[in-house]
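These notes concern the structure reproduced below.
To find a chain, count down the sequence lines: A is the first, B the second, and so on, and within it residues start at 1.
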Number of protein chains: 2
Amino acid sequence: MRGEPTDDAAARACLTAAADAGDPLMGELIEEHGAADIWAALRDGARLPLPDGDRGSRQAARAQRWRARATGIDADALLCAAAELGGRLVVPGDPEWPGRLDRLGERRPYALWLRGVHDLRHACLRSVAIVGSRAATAYGLHVAAGLACGLAERSWTVVSGGAYGIDGAAHRGALAGGAPTVAVLACGLDIDYPRGHAALFADVAARGTLVTEHPLGTPPTRHGFLVRNRIIAALTPGTVVVEAGLRSGALNTARHAQDLCSQLMAVPGPVTSALSGGCHRLLREWQATCVTDAADVAEQLGPIGEELRPGRGTALARDGLDAESQRVLDAVPDRVGAGTATVAVAAGLGLDAALGRLGLLAAGGFIERCPTGWRTRPDSGGQGR
Amino acid sequence: MRGEPTDDAAARACLTAAADAGDPLMGELIEEHGAADIWAALRDGARLPLPDGDRGSRQAARAQRWRARATGIDADALLCAAAELGGRLVVPGDPEWPGRLDRLGERRPYALWLRGVHDLRHACLRSVAIVGSRAATAYGLHVAAGLACGLAERSWTVVSGGAYGIDGAAHRGALAGGAPTVAVLACGLDIDYPRGHAALFADVAARGTLVTEHPLGTPPTRHGFLVRNRIIAALTPGTVVVEAGLRSGALNTARHAQDLCSQLMAVPGPVTSALSGGCHRLLREWQATCVTDAADVAEQLGPIGEELRPGRGTALARDGLDAESQRVLDAVPDRVGAGTATVAVAAGLGLDAALGRLGLLAAGGFIERCPTGWRTRPDSGGQGR
């Protein structure tokens, strides 16, 4: 699926398995010393360059835990297992890395494991998070599905979790509306949690993207769900809470959205319904914007990614591509697709150079992944003109 | 029920019959020249001191209409007819005149016709307007009644119109909660509109106050309803829209509340209900505050009139009253009540002086009207301490 991973990517893959997700201490260490050095130190049992100060002993305990886990971790094994499942690793600096995640600072994911046809960065440029309660009412499910479908029809990518209730309704609505949808999981890509969503996850992988910061085999935990919420909020310029009680985890996602200065929106409901209580609190106390349909949400988000809508050209004009990228784009077939090696030969480039160009073309919305490798996006204008 | 009306009050009574309600030109003339002079000019067919300028001809036509109507108008007849019905006239400067109405400027009512036991100024000090659609849903009626009842239990006076739907539910809820309620009508006090609310209006008159700027016999008109809404908004420090479609007259009341810098609140509902569309627009576009119950409304209005709550003393401490007022207050019996003349004799004052003191005591919440005249308010601390 791609060439040899860089030292940085391989190290980051290992760190997603060794450290707890979203640990700001690990984020700080990676930022200051690079993932490769930190991973090497952990693997070799060397001393970690921990910051000085009072936090020392707690940090040392944490480093000890990382070290204990590091013993059994092998980058090739992690990457191969993911590839067998159709998964891939994306790290900061990759063309597919969504720049919005960098807003998380030291809580930025070390790396993301993905499964799906769409380029994550491109899909998230024009995206909105739709979240809410697992125990949703018929009203909430109806509104979430309708909202997601309406947004999909307006070419907005829907981002949500993988839970029953509002999450599931949002993905189904988005798929019905014909746009990609992004499900951010709190477990490994090989685990269908909840079980009843196995078919939905397969649909999302086929027509959108599954995302997680956990390597294969990681089971979901309560902590995992909470830190997962920051990714849902950070991938998008706006978060809509459809139906949530006062103690719903969706309010945690809303808090992340507010901390990130994203647009925070809430769908009202009957004041007699406890499951709308969280939404009403967001409206009253958090200055969330009241939205009632897809048009309201689209208006609130303004012209974000307007240039990505079909028929309006792509994020990058084809004319703006350099000669080498244009050659690679010309070598990518539509519909049937072709593997990286085939494209490289057709474009007269080496494998690594071709792969780099393909990543940039995907991030720019010209091409997308498909079972055979790469193909042009039907709405990109990449072919024929 | 009271002494001879002043020239000003008699003139204002006539002007409520001669001019359309809330006419800013009439408001301007009264403000500049006094009601008595303007009424005398109209009655005698003299030239009105109309402002100069382009507006001349339209204003002259209006003045002509006033003059035509003025012919048959007699202050004594208007006041006697109202008194027979248990009504009274309140004009700016009276102790019972609600000062908040002065915010309306040249659109301030020329005078108000009232029927009911409560002192209007005192009742409105701690008050909130509850408005919404006539064609309300079961949800809206349920919420309006519950909200009004909860506010009444917190000693807030509810102010609304007299229509079916939200208005009626609000009055019924307030009466159930045991607090006075104020119904602002768009017709004369002798007209039950709508007919089906005749019993409700009788209840409001017995346990609250009916208010209108129209003299007896005036039928409701579309224009009357619209100008009426400004009074509902102006009597109160805050307006709650419970359930309203996008074209509901309640949004007109909301506009007045906003223009007056009152607190504007809206109750959300299902986004699938067209009858909540107006409320959601208020939340999204008018920066209305989302409220879901009486506690939310009370919190939003803050400590307005907190000192008027039972057990917390009255707006004016009894100790703060001058000796003459204390004598009058001591002369007012509780429960059974007494007429003005009886009180005057007991207090050793003339009728006019006693009446002036009684008005101030009522406006301060010490006493209230009753079928026999005046009695102390049960929660005022006016008796026994």
With distance as the sole test, does [X] use its side chain to make a donor-acceptor pair with the main-chain N or O of [Y] at under 3.5 Å?
| X | Y | answer |
| --- | --- | --- |
| B/R284 | A/T292 | no |
| B/R154 | B/G150 | yes |
| B/S248 | B/G245 | no |
| A/R107 | A/L104 | no |
| A/T181 | A/V158 | yes |
| B/R126 | B/S155 | yes |
| A/E243 | A/S133 | no |
| B/T212 | B/C187 | yes |
| A/T236 | A/I232 | yes |

Any idea which of B/L283, B/T289, B/D296 has the most non-hydrogen atom pairs under 4.5 angstrom with chain A?
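Highest number of pairs under 4.5 Å: B/D296.
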
Find the one option among B/H280, B/Q300, B/H142, B/R281 whose heavy-atom pairs under 4.5 Å with chain A are most numerous.
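Counting heavy-atom pairs under 4.5 Å, the top option is B/H280.
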
Residue by residue, scan residues 161-171 of chain B and write down, ordered by number, those that have a heavy-atom distance under 4.5 Å to chain A; if none do, write 'none'.
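So no residue qualifies.
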
Do any of residues 255-273 of chain B have a heavy atom less than 4.5 Å from a heavy atom of chain A, and if so, which, in residue order?
B/V267, B/P268, B/G269, B/P270, B/V271, B/T272

Can you check whether B/V159 reaches B/V184 side chain to side chain, under 4.5 Å on heavy atoms?
yes

